[in-house]
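Notes follow the structure.
Treat the numbers as computed from the prediction; the structure is a model and nothing was measured. Chain naming here is simple, since letters A, B, ... match the order of the sequence lines and numbering starts at 1 in each.
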There are 2 protein chains.
Amino acid sequence: MSTSDRRSYHHGDLRAALQQSALQLLDAEGVDALSLRAVARHAGVSPNAPYRHYRDKDALLAALAAHGFTELAARLTDAVAHPAAPGADGADGAELAETTAAMARATVHYALEHPGLFHLMFGHPCIGHPEVVSASDAAQSVVATHLAAFVPPEAGESLKIGVWALVHGLSVLLLGGRLGALTPDRTDSLIDAVVHTLLDTGAARTTPRADR
Amino acid sequence: MSTSDRRSYHHGDLRAALQQSALQLLDAEGVDALSLRAVARHAGVSPNAPYRHYRDKDALLAALAAHGFTELAARLTDAVAHPAAPGADGADGAELAETTAAMARATVHYALEHPGLFHLMFGHPCIGHPEVVSASDAAQSVVATHLAAFVPPEAGESLKIGVWALVHGLSVLLLGGRLGALTPDRTDSLIDAVVHTLLDTGAARTTPRADR
DNA sequence: CATTGGATGTTGACGTTGCACACATTGTGG
DNA sequence: CCACAATGTGTGCAACGTCAACATCCAATG
């Protein structure tokens, strides 16, 4: 079978299998091409089997989106925990920009890795589901936490929103492939350049870092 | 009939009527609730009439999206042409932030006015349509033009991408209603605060040459 | 052990959708 | 005046989401 062998009439853990199948199809075929029936087919069960585990199609999509946000949050914390930045100039005042760039890179990578999922997470309107909202809030709070170290709580709210918006906007732009096809390296340096152009030099430095 | 009286077998300008009906339904019911048949119904014609004017459903959606980008571009130029900014005098170095905030406000307003359309413009993957791409590029170039006055062409690319990403991210965030329900006034001041937090003390002052 | 009940998967059906085909109606150029 | 291309209609089909009824299995109870 596509995902795992079915022992008999009962499938050991259909819920997880459906989620897995849905994720594969989502990133392979796109959001709107994802049909509940196709998911069931891929999992090797009848078209109506999913209804024993999800109330309707939106419930499945919501579960996928929530999973995506949780995974994104993990990526974000990882990205900040051990930075992949080459120069390692972390000591001076550009830490804010560097942290932001790291989170932007992580988000964009995740978006490019899972385009269908990402589009579902941010694009689908039916995702007012509370499950999704809380997962999304958790991811956002990761950003807020990492940002809080650099600014007074006064401006923290604006910064948080701005950075989250910037990161998300960059992801969408790059996902759309509108900025030309880029190698992963070029993508990273583009992200760095954009982030630094916007908010470098804020507190400490006064000259934009113009590399390249 | 819903839109206009049909004189007889032939409808004077079905193409435009369909577009109009589709726009109404789009913002009323949401993107995925929009069916070609519903559009035809709303326009008072048979389910297959649209196929004489649009190759398929995606073609209709693409036309709508392109229309949206064109209208957005117009709003952007308007917003910068006669700024609605309150006490802010534009003579000092904060012009960049003020211009950006104006464009962000215009975009967010447009997004909140036409949520369905906006979601289609940025969310729908089937919009690789060349018609949409060129309209989107036109809108983006409006942003680039207004930004070019404040920075050297060197950093212009990064700034353009960053501002476009920021504006789009803010729109999505506010469209999603994730930041709490806001009055229009509160929305505007939130946008201003975010944009200034990101740009004011940073990029604006770092470019000493306010050329020309 | 046998029974039985709830959880899980299946089958059939209904209404809706996007789209392809053949057909009807029109006003317009020869 | 009339054929013809443009435009709208009708019918049909496969796929979809979802509901209702049925089948099958595991597990607890006697």
Side-chain angles (χ1 to χ4, degrees), chain A residues 1-22 24-26 28-65 116 120 124-127 129, chain B residues 1-22 24-26 28-65 116 120 124-127 129:
Chain A
M1 224 47 76
S2 293
T3 55
S4 65
D5 47 356
R6 292 183 46 214
R7 301 202 277 273
S8 62
Y9 198 92
H10 278 34
H11 182 291
D13 186 3
L14 221 204
R15 186 177 198 104
L18 287 172
Q19 197 142 334
Q20 193 63 28
S21 294
Q24 281 183 236
L25 292 178
L26 193 54
E29 312 286 344
V31 193
D32 44 310
L34 183 74
S35 73
L36 211 44
R37 290 172 110 105
V39 173
R41 225 175 294 145
H42 184 164
V45 293
S46 81
N48 280 14
Y51 283 94
R52 295 293 155 190
H53 300 273
Y54 299 98
R55 199 181 28 258
D56 55 9
K57 188 184 180 180
D58 277 359
L60 208 212
L61 295 182
L64 295 178
L120 171 66
H124 206 68
C126 304
I127 304 301
H129 216 91
Chain B
M1 224 49 72
S2 293
T3 55
S4 64
D5 47 356
R6 291 184 45 216
R7 303 201 276 274
S8 63
Y9 200 92
H10 277 34
H11 183 292
D13 187 3
L14 222 204
R15 188 180 197 102
L18 287 172
Q19 196 143 336
Q20 192 62 30
S21 294
Q24 280 182 237
L25 292 177
L26 193 54
E29 312 286 345
V31 193
D32 43 308
L34 183 74
S35 72
L36 211 44
R37 290 172 108 106
V39 173
R41 226 174 294 145
H42 183 131
V45 294
S46 84
N48 281 9
Y51 284 96
R52 295 293 156 187
H53 299 274
Y54 299 98
R55 188 150 26 88
D56 56 9
K57 187 183 181 181
D58 277 359
L60 208 211
L61 296 182
L64 295 178
L120 171 66
H124 206 67
C126 303
I127 305 299
H129 217 90

*Once you round it to whole Å, what is the distance between P of dA20(C) and CZ of R55(B)?*
10 Å
_Options dT7(D), dG17(D), dT11(C), nucleotide nearest the side-chain atoms of K57(A)_ = dG17(D)
*Which part of the nucleic acid, if any, lies within reach of S46(A) when heavy atoms closer than 4.0 Å are counted: base, sugar-phosphate only, or nothing?*
base
*For the atom pair OH (Y54(A)) and CG (L64(A)), what is the distance rounded to the nearest 0.5 Å?*
7.0 Å
_Whole angstroms only, please: what is the CD-C1' distance between E29(B) and dT16(C)?_
15 Å
*Quickly work out the L60(A) CG to dC16(D) C1' distance and round it to whole Å.*
15 Å
*Between dC22(D) (C1') and R52(A) (CZ): distance, integer Å*: 10 Å
*asked:* Tell me whether R37(B) contacts the main-chain N or O of P47(B) through its side chain, where contact means a donor paired with an acceptor under 3.5 Å.
replied: no
*Figure out the OH/C1' separation between Y51(B) and dA6(D), and round it to whole Å.*
19 Å
_Nucleotide of dG10(D), dG8(D), dG9(C) approaching N48(B) most closely (side-chain heavy atoms)_ = dG10(D)
_Rounded to whole Å, how long is the line connecting atom CG of D58(A) with atom C1' of dC16(D)?_
14 Å
*Closest nucleotide of DNA chain D for H53(B) versus for P47(A): which of these residues is on the 5' side?*
H53(B)
*asked:* Quick check for you: among dG9(C), dG17(D), dT9(D), whose closest atom lies nearest to any side-chain atom of L36(A)?
replied: dG17(D)
_Evaluation steps, side chain to side chain contact (heavy atoms under 4.5 Å, CB included), between L61(B) and H124(B)_ = CA-CA 9 Å; L61(B) 296 182; H124(B) 206 67; 3.7 Å; yes
*Starting at atom OH of Y54(A), determine the distance to atom C1' of dG17(D), rounded to an integer number of angstrom.*
17 Å
_Distance, rounded to the nearest Å, where R37(B) contributes CZ and dT17(C) contributes C1'_ = 6 Å
*If you take all heavy atoms of L18(A) and A43(A), which pair is closest and at what distance?*
CD2-CB, 3.9 Å
*Output the distance between atom CG (L34(B)) and atom CG (L120(B)), rounded to the nearest 0.5 Å.*
8.5 Å
_Presence of donor-acceptor pair under 3.5 Å, side chain of D56(A) and base of dG17(D)_ = no
*Select from L14(B) and S35(A) the residue whose nearest nucleotide in DNA chain D is closer to the 5' end of that strand.*
L14(B)
